[in-house]
Number of protein chains: 2
Amino acid sequence: MSTRAEATRARLQAAALDLFERRGYRAVTVEEIAATAGVSHMTFFRHFATKERVLLDDPFDPVIAEAVAAQPSDLPAIERVARGMLSLTPLLDQEPTESTRRGIAIAAGVPELQAGMAANTATTARAIVDAAAAPGDEAEMRMAAAACLAAITAALLGWAADGPRSTLGDLVAGAMTAVVPHLADAHVPAFAGSPA
Amino acid sequence: MSTRAEATRARLQAAALDLFERRGYRAVTVEEIAATAGVSHMTFFRHFATKERVLLDDPFDPVIAEAVAAQPSDLPAIERVARGMLSLTPLLDQEPTESTRRGIAIAAGVPELQAGMAANTATTARAIVDAAAAPGDEAEMRMAAAACLAAITAALLGWAADGPRSTLGDLVAGAMTAVVPHLADAHVPAFAGSPA
DNA sequence: GCCTCAAGTGTTAGTCACTAACATCTTTCG
DNA sequence: CGAAAGATGTTAGTGACTAACACTTGAGGC
């Protein structure tokens with residue numbers, strides 16, 4: 001909880017983002033990032049398990065899982081997931097979009113980082129299954145979650161490359177429409193969330 | 001083209017699969033794999049760009065892309081992709097399933113390898129877009145392809161873990177039904193392919 | 001059979017991500 | 001203030017991967 005650790009972590013992330021943009025992900029060593037942030041490489045690895053993780057940090061899983069669980073349980077799994085994502089689009093439009101976008105833009109050019117993004121979605125998919133799958137439907141929910149998240153990831157990569165032509169929310173909505181076309185005509189109420 | 005290179009490559013794959021099963025992916029070094037196959041580590045890297053790739057080698061992309069392109073072009077992208085996959089299930093049931101399954105079973109327990117599988121699907125998705133997307137619909141096709149392939153990957157990982165309770169074809173069919181539920185009632189003709 | 005060229009492979013010496021063990025410093029709190 | 005707990009530093013590794021260059025083995029022309 002200490003503030004000091006959080007500050008170090010933030011300095012490392014900022015330094016990494018900066019160096020990656022300037023010289024490319026591969027050309028930057030962990031040593032350099034650590035030095036720029038004024039710490040040793042060991043401190044870097046205490047905050048981030050791998051070089052990738054300094055860029056791909058995503059704390060959204062619990063909200064997503066809740067939003068999916070809140071959908072009507074008589075719908076097919078794929079539709080529950082897609083509607084859950086759609087219900088989050090209003091929230092997404094309030095995000096600190098810029099640094100997120102810089103990170104994704106870097107990842108868009110580096111295969112290993114795209115693989116890392118995909119690995120993130122595996123974690124998210126697990127969270128969705130745990131929170132929203134009916135007993136016996138885990139397999140279907142797992143596939144549905146993987147499908148929707150992959151579509152969103154694909155959309156994100158295009159978004160970062162093309163520049164911010166649309167908001168994050170619109171992007172996610174577009175991805176869900178690509179997976180479940182008839183959702184284009186549906187009205188999905190915004191997710192309110194539960195009091196923390 | 002030379003037979004010698006192919007033999008070395010095959011020996012490396014066999015040695016790797018064997019060692020991975022016995023002692024775990026992480027505990028096996030490239031040096032060991034190379035030594036077991038009777039070559040140096042440099043030869044290993046000439047045949048496989050990374051340690052992962054000795055396990056995750058998949059030459060199916062062109063067939064998949066063709067099968068999707070063969071679907072009626074007035075359908076939504078997601079449905080063209082799903083039907084394309086379904087049309088391949090008869091072919092899949094004739095595959096040398098066993099070594100494939102061993103590889104996936106190993107990958108199922110190693111996060112980095114799952115990320116590698118996801119990276120493979122990115123390549124496949126590109127092939128699908130190139131072969132089957134109508135001009136202007138690239139984005140939608142990219143998301144649809146990512147979604148379907150992710151569902152299949154999720155299914156494969158479960159398959160390898162649970163043991164071969166069903167055939168590869170049934171597995172893919174189940175994944176496509178999870179993504180596009182109404183396809184359960186559709187008849188999709190088998191893909192014939194084009195003469196090589 | 002011999003020569004040649006090219007493909008396949010080996011050797012060596014490096015870089016860098018990542019880990020383990022232990023020492024040191026800083027903050028917190030009694 | 002003093003001590004425990006948390007954050008960071010130092011050092012010495014391992015192992016994936018690369019670059020440069022030398023060597024071997026095989027197929028085709030003479």
Side-chain angles (χ1 to χ4, degrees), chain A residues 1-20 22-57 103 106-107 109-117 119-120, chain B residues 1-20 22-57 103 106-107 109-117 119-120:
Chain A
M1 259 262 191
S2 111
T3 306
R4 189 173 153 217
E6 282 166 17
T8 305
R9 190 187 162 88
R11 251 182 301 134
L12 283 167
Q13 279 177 320
L17 202 53
D18 227 61
L19 290 170
F20 290 161
R22 254 200 268 279
R23 317 213 320 268
Y25 177 79
R26 295 214 171 113
V28 175
T29 73
V30 170
E31 274 291 343
E32 287 177 293
I33 301 171
T36 305
V39 296
S40 76
H41 80 276
M42 272 310 303
T43 294
F44 177 97
F45 284 115
R46 284 192 185 103
H47 286 278
F48 304 99
T50 68
K51 184 182 175 186
E52 286 183 9
R53 297 288 290 163
V54 74
L55 205 62
L56 308 175
D57 225 28
I106 295 170
V110 183
E112 344 152 19
L113 291 176
Q114 298 178 40
M117 287 180 68
N120 274 353
Chain B
M1 260 262 195
S2 111
T3 307
R4 189 171 153 220
E6 282 166 17
T8 305
R9 191 188 162 87
R11 252 183 300 134
L12 282 167
Q13 279 178 319
L17 202 53
D18 227 60
L19 290 169
F20 290 161
R22 253 199 268 280
R23 317 213 320 268
Y25 177 79
R26 295 212 172 116
V28 175
T29 74
V30 170
E31 274 291 342
E32 287 177 292
I33 301 171
T36 304
V39 297
S40 77
H41 80 276
M42 273 311 303
T43 294
F44 177 96
F45 285 115
R46 284 193 186 100
H47 286 278
F48 304 99
T50 69
K51 184 182 174 186
E52 289 185 5
R53 296 289 290 164
V54 74
L55 205 61
L56 308 176
D57 226 26
I106 295 170
V110 184
E112 342 151 20
L113 291 176
Q114 298 180 38
M117 288 180 67
N120 274 354

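A quick note: this is a predicted structure, and the numbers were derived from the prediction, not measured.
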Peer 1: Is any side-chain N or O of His47(A) under 3.5 Å from a base N or O of dT8(D), one able to act as donor and the other as acceptor?
Peer 2: no
Peer 1: Would you mind reading off the distance between Tyr25(A) atom OH and dC16(C) atom P, rounded to a whole angstrom?
Peer 2: 14 Å
Peer 1: With nearest nucleotide decided by heavy atoms, which residue, Ala27(A) or Thr43(B), maps closer to the 5′ end of DNA chain C?
Peer 2: Thr43(B)
Peer 1: What is the distance, to the nearest angstrom, from the CZ atom on Arg46(A) to the C1' atom on dA23(C)?
Peer 2: 11 Å
Peer 1: Let me spell it out: for each of Glu52(B) and Arg11(A), pick the nucleotide of DNA chain D with the closest heavy atom. Which residue's pick is nearer the 5' end?
Peer 2: Arg11(A)
Peer 1: So how far is it from Arg26(B) CZ to Lys51(B) NZ, rounded to the nearest 0.5 Å?
Peer 2: 8.5 Å
Peer 1: Assign each of Arg9(B) and Arg26(A) to its nearest nucleotide of DNA chain C by heavy atoms, then name whichever residue's nucleotide is nearer the 5' end.
Peer 2: Arg9(B)
Peer 1: Roughly, in whole Å, what's the span from CZ in Phe45(B) to C1' in dA19(D)?
Peer 2: 14 Å
Peer 1: Taking CE from Met42(B) and C1' from dT12(C), how many angstroms apart are they, rounded to a whole number?
Peer 2: 11 Å
Peer 1: Mind calculating the distance between CZ (Arg23(B)) and P (dG15(D)) to the nearest angstrom?
Peer 2: 11 Å
Peer 1: Would a 4.5 Å heavy-atom cut-off, applied to side chains only, mark Phe20(A) and Val110(A) as touching?
Peer 2: no
Peer 1: Given side chains that start at C-beta, do those of Val39(B) and Arg11(B) come closer than 4.5 Å, heavy atoms only?
Peer 2: yes
Peer 1: In the structure I gave you, are the side-chain heavy atoms of Arg9(A) and Phe48(A) within less than 4.5 Å of one another anywhere?
Peer 2: yes
Peer 1: Let's see if you can work this out: which of dT27(C), dA17(C), dG9(D) has an atom nearest to the side-chain heavy atoms of Val30(A)?
Peer 2: dA17(C)
Peer 1: Have a look at Ser40(A) and say if it touches a base, only the backbone sugar-phosphate, or nothing, with a 4.0 Å heavy-atom cut-off.
Peer 2: base
Peer 1: Hey, is the side chain of Thr29(A) poking within less than 4.0 Å of OP1 or OP2 on dT15(C), counting only N and O atoms?
Peer 2: no
Peer 1: Given atom CZ of Phe44(A) and atom C1' of dT19(C), what is their separation to the nearest angstrom?
Peer 2: 14 Å
Peer 1: Could you give the NZ-to-P distance, from Lys51(B) to dT14(D), as a whole number of Å?
Peer 2: 16 Å
Peer 1: Let's see if you can work this out: which of dT27(C), dT9(C), dA16(D) has an atom nearest to the side-chain heavy atoms of Thr8(B)?
Peer 2: dT9(C)
Peer 1: Provide, to the nearest angstrom, the distance between the CD atom belonging to Glu31(B) and the C1' atom belonging to dA13(C).
Peer 2: 14 Å
Peer 1: Measure the shortest side-chain to side-chain distance between Ile106(A) and Leu17(A) over non-hydrogen atoms and say whether it is less than 4.5 angstrom.
Peer 2: yes
Peer 1: Is there a side-chain contact between Thr50(A) and the phosphate of dA17(C), meaning an N or O under 4.0 Å from OP1 or OP2?
Peer 2: no
